[in-house]
Amino acid sequence: MRAVARGSTNQEIAAALFISVSTVKGHLAAIQNKLGARNRSEITAWAWESHLMPGSADQRNSGR
C-alpha cells in the first residue's frame, strides 16, 4: 500500500519485492476490495488519511 501511495508502478513494486506483476495486481485487488476503493488513487488517499505515510500529520507529531 505504501508503494502505491508513493506512486510506484506495478512493475516497480514487483521488482522491489521480488514477486511477479500478477501477484502485485492480486494484492492490490485484495486491498481495493477490503477498503472499498475503486482505484489506486483511493488507496493512496486512504493511506495518507490513515497516517501510514511518512510525513503525515500523525507521524510528524509522534516522532516517527
Participant: Atom CG in L28, atom CZ in R40: separation rounded to 0.5 Å?
Facilitator: 5.5 Å
Participant: Locate the shortest heavy-atom distance separating E42 from G36; write the atom from each residue and the value.
Facilitator: OE1-O, 4.0 Å
Participant: Identify the heavy atoms of I31 and M1 that sit nearest to each other, and give their distance.
Facilitator: CG2-CE, 3.8 Å
Participant: By side-chain hydrogen bond (donor to acceptor under 3.5 Å, both in side chains), which residues pair with E49, not counting sequence neighbours?
Facilitator: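 With neighbours one apart ignored, the set is empty.
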Participant: So which atom in G7 and which in E12 form the shortest heavy-atom distance, rounded to 0.1 Å?
Facilitator: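 G7 and E12 have their closest heavy atoms at O-OE1, 4.3 Å.
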Participant: Hey, what do you get for CD1 (I19) to CG (N10), rounding to the nearest 0.5 Å?
Facilitator: 9.5 Å
Participant: Rounded to the nearest 0.5 Å, how far apart are CD1 of I13 and CZ of R6?
Facilitator: 8.5 Å
Participant: How far apart are the closest heavy atoms of T23 and S20, and which atoms are they?
Facilitator: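 Minimum heavy-atom separation between T23 and S20: OG1-OG, 2.9 Å.
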Participant: List the steps and the verdict of side chain to side chain contact (heavy atoms under 4.5 Å, CB included) for H27 and V4.
Facilitator: CA-CA 11 Å; H27 286 302; V4 170; over 6 Å; no
Participant: Would you give the length of the straight line joining atom OG1 of T44 to atom CG of L52, rounded to the nearest 0.5 angstrom?
Facilitator: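 One gets 11.5 Å once the value is rounded to the nearest 0.5 Å.
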Participant: How many angstroms lie between atom CE of M53 and atom CZ of R2, to the nearest 0.5 angstrom?
Facilitator: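 Interatomic distance, M53 CE to R2 CZ, rounded to 0.5 Å: 7.0 Å.
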